[in-house]
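One structure is given below, encoded as structure tokens.
Values reported hereafter were calculated over all heavy atoms of this structure, with side chains retained and with hydrogens, waters and symmetry mates removed.
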Amino acid sequence: MPKSRLFVIDPVCAMEYGHSLNALKYFKDMAAPSFDEAIMVASQHLPGEMSQDAIVRHFEFQYDQFLKIDRRPAPKPLLPFARKVGSPRAVSAADFNQLLLEHDITAHDTLLFPSIDYYSAVGILAVLEGIAPDQAPHLLIRLIGVMETACLDLPAPQAFNDLINRLKGYHRQGGRMTLCGETPKYSRRLSNELGFEVLTVPYFSPDVDATAMPVAGPVTFLSGGSARPDKGFFRLNSIITKVNQQIGAHKARFIVQGLPDEQWHQNISYIRSLYAQPNVELLSGQIPYSEIQRTFNASHVGLMPYDPAVYEWRGSAMLMESMLFERLTICQSNTGFSEQARLYNAGQVCNTDDDFVEAICAYAMMKPAELNIYAKMARDRYLQDVKSACDTWISGAL
């Protein structure tokens, strides 16, 4: 019998940092035991060499208007004629067609997308629509509410509807695919739109071990990830000021990852105000993973006053990483991930800035040992849910 191969695919993975590269490796490691062979495939512009990390560099990068990448590392010109004259949809289809031919991908194989983007979905579906369903590979598609609507010639709502219609069309054709969303809220929306089941598979990071909470000093709150308005960076100064007024700056400490370097100058007044807070440690916008680990090790609670409009359907890596490091969280309500925070009992869910202040003050009065008990239970619930969700999703291709 032919070998069953798993191809873990992310054409947007073109940078050595960020969640895309991590997710590529995590989902490969998670699913690989169920297949005879597992192969990771990324953008041809991903720095490095396959001999070093076993990642096949294949796809053209389609999103220069959204993300800045280094285009110099390109090991081979793929279909130069299509590159020159084709639309992004045609280029993506050509890329996938070439991938299927080069690797002789058949119905015995599975293509897994950790977080599919718009042009990848359009490209792979266009190719597979020309193949009999019983001859085509199985698709494991995960949608996270970010890049699946990133289209250069359609606004996000229209891009979403176009994607939904293409998925429905392939499903009606008898195409074999198993879909999941990153959050229960987004999965329900997708299922309602598509008319068939969509599972939920949260973000996970299997190589993160729980670490002991600090026992000395004030309770410390971590606002991690490169600061952006949609992550509530510009809400923090007001929240921290109110906390200090209510309980004193000596009762709570804050570690805040700052803005990218190119945005500091235009926001210098706000940054100065935040930096002047006596209990704030302000970091640069991009930090190595060793520094990320240090900030979690030094903290007790993750702080996430995210924009509910932007994160209406989306999950939060910060929430998941907080639980994995065994930390509690304070999350914004009406987001895709707030339901998960409640599901795992991972901390407090807040609506207004005053709600955040109240939750911070309450946690600041608790002992680290007490916080740790709740954080450990949340981590256990989360890991059990992730394992069950991943097993169910992967089983759809077996």
Item to check | From CA spacing to verdict: side-chain hydrogen bond (donor to acceptor under 3.5 Å, both in side chains), Asp355, Thr352 | outcome: CA-CA 5 Å; Asp355 294 336; Thr352 66; 3.2 Å; yes
How about [X] and [Y]: do any of their side-chain heavy atoms sit closer than 4.5 Å?
| X | Y | result |
| --- | --- | --- |
| Leu100 | Ile131 | yes |
| Cys350 | Ile330 | yes |
| Gln340 | Lys185 | no |
| Arg5 | Ile105 | yes |
| Pro308 | Thr335 | yes |
| Arg379 | Tyr344 | no |
| Tyr374 | Met366 | yes |
| Thr110 | Ser4 | no |

Would you call [X] and [Y] a salt bridge, taking side-chain N to carboxylate O under 4.0 Å as the test?
| X | Y | result |
| --- | --- | --- |
| Glu326 | Lys376 | no |
| Asp391 | Lys387 | yes |
| Arg166 | Asp162 | yes |

Next on the checklist: Testing Thr241, Asn267, Leu282 one by one against Leu274 for a side chain to side chain contact (heavy atoms under 4.5 Å, CB included), which residue passes?
Outcome noted: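 Looking at Thr241, Asn267, Leu282, the match for Leu274 under the side chain to side chain contact (heavy atoms under 4.5 Å, CB included) is Leu282.
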Looking at every non-hydrogen atom in both residues, tell me the closest pair between [X] and [Y] and how far apart they are.
| X | Y | answer |
| --- | --- | --- |
| Pro114 | Ile9 | CD-O, 3.2 Å |
| Thr200 | Ser187 | OG1-OG, 2.8 Å |
| Tyr119 | Leu152 | OH-N, 2.9 Å |
| Gly258 | Phe233 | CA-CE1, 4.2 Å |
| Phe254 | Val243 | CZ-CG1, 4.2 Å |
| Asn345 | Ala378 | O-CB, 3.8 Å |

Looking only at atom types and distance, does a side-chain atom of [X] sit under 3.5 Å from a main-chain N or O of [Y], one as donor and one as acceptor?
| X | Y | value |
| --- | --- | --- |
| Arg142 | Val201 | yes |
| Ser388 | Gln384 | no |
| Arg235 | Pro305 | yes |
| Arg57 | Pro47 | yes |
| Gln98 | Asp95 | no |
| Ser299 | Val301 | no |
| Ser191 | Arg188 | no |
| Gln257 | Gly285 | yes |
| Trp393 | Leu140 | no |
| Asn372 | Pro368 | no |

Item to check | side-chain contact (heavy atoms from CB on, under 4.5 Å) evaluation trace for Ile164 with Leu190 | outcome: CA-CA 8 Å; Ile164 291 295; Leu190 291 167; 4.0 Å; yes
Next on the checklist: If you take the centroid of each ring, where Trp contributes its six-membered ring, are Phe204 and Tyr382 closer together than 6.0 Å?
Outcome noted: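 That pair fails the under 6.0 Å test.
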Checklist entry - With ring centroids as reference points, do Phe160 and Tyr118 lie under 6.0 angstrom apart? => result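 No, the ring of Phe160 stays outside the 6.0 Å limit from the ring of Tyr118, centre to centre.
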Would you kindly say whether [X] and [Y] are connected by a side-chain donor-acceptor distance under 3.5 Å?
| X | Y | value |
| --- | --- | --- |
| Tyr63 | Asp117 | yes |
| Glu60 | Ser43 | no |
| Gln348 | Arg342 | no |
| Glu312 | Asn334 | no |
| Asn297 | Thr211 | yes |

Checklist entry - In terms of ring plane angle, is the pair Phe96 and Phe59 parallel, tilted or perpendicular, where the classes change at 30° and 60°? => result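 Ring orientation, 0 to 90° scale: tilted.
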Checklist entry - Is the NZ or CZ atom of Arg189 positioned over Trp313's six-membered ring, under 6.0 angstrom from the centre and within 45° of the axis? => result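 Flagged: Arg189 positioned over aromatic ring of Trp313.
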Checklist entry - Is it true that the NZ or CZ of Arg314 lies under 6.0 Å from the centre of Tyr306's six-membered ring and within 45 degrees of the ring axis? => result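 Here Arg314 fails the 6.0 Å and 45° test against Tyr306.
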Roughly how far, to the nearest 0.5 Å, is [atom2] of [Y] from [atom1] of [X]?
| X | Y | atom1 | atom2 | result |
| --- | --- | --- | --- | --- |
| Ser115 | Leu143 | OG | CG | 9.0 Å |
| Leu139 | Leu112 | CG | CG | 10.0 Å |
| Ile292 | Tyr289 | CD1 | OH | 7.0 Å |
| Arg253 | Thr220 | CZ | OG1 | 5.0 Å |
| Ile360 | Met365 | CD1 | CE | 11.5 Å |
| Asn237 | Arg272 | CG | CZ | 14.0 Å |

[atom1] ([X]) with more than 12 external heavy atoms under 6.0 Å:
| X | atom1 | value |
| --- | --- | --- |
| Tyr275 | OH | no |
| Glu281 | CD | yes |
| Lys242 | NZ | yes |

Checklist entry - Are Leu6 and Asp109 close enough, and set up right, to give a side-chain contact (heavy atoms from CB on, under 4.5 Å), and what steps lead you there? => result CA-CA 6 Å; Leu6 172 73; Asp109 300 314; over 6 Å; no
Checklist entry - Linking I/L/V/M/F/W/Y whenever their side-chain heavy atoms sit closer than 4.5 Å, directly or via other members, would Val41 and Leu101 fall into one cluster? => result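 Val41 and Leu101: separate clusters.
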Item to check | Same apolar cluster (I L V M F W Y, side chains within < 4.5 Å links), Phe337/Val349 | outcome: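 Unlinked, Phe337 and Val349 end up in two clusters.
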Checklist entry - Under the side-chain contact (heavy atoms from CB on, under 4.5 Å) criterion, do Asp10 and Phe113 qualify, and how do the steps go? => result CA-CA 6 Å; Asp10 188 355; Phe113 297 84; over 6 Å; no
Next on the checklist: For a ring pair (Phe, Tyr, Trp, His ring centres under 6.0 Å) check, start with the C-alpha distance between Phe221 and His300, then their side-chain angles and the critical distance, and finish with the verdict.
Outcome noted: CA-CA 6 Å; Phe221 300 83; His300 302 83; 8.0 Å; no
Next on the checklist: Apply ring pair (Phe, Tyr, Trp, His ring centres under 6.0 Å) to residues Phe196 and His171 and explain how you reach the verdict.
Outcome noted: CA-CA 9 Å; Phe196 57 85; His171 183 260; 4.0 Å; yes
Next on the checklist: Assess the residue pair Val8 and Ile39 against the criterion (side-chain contact (heavy atoms from CB on, under 4.5 Å)); give the C-alpha distance rounded to whole Å, side-chain angles, the decisive distance to 0.1 Å, and a yes or no.
Outcome noted: CA-CA 6 Å; Val8 185; Ile39 301 164; over 6 Å; no
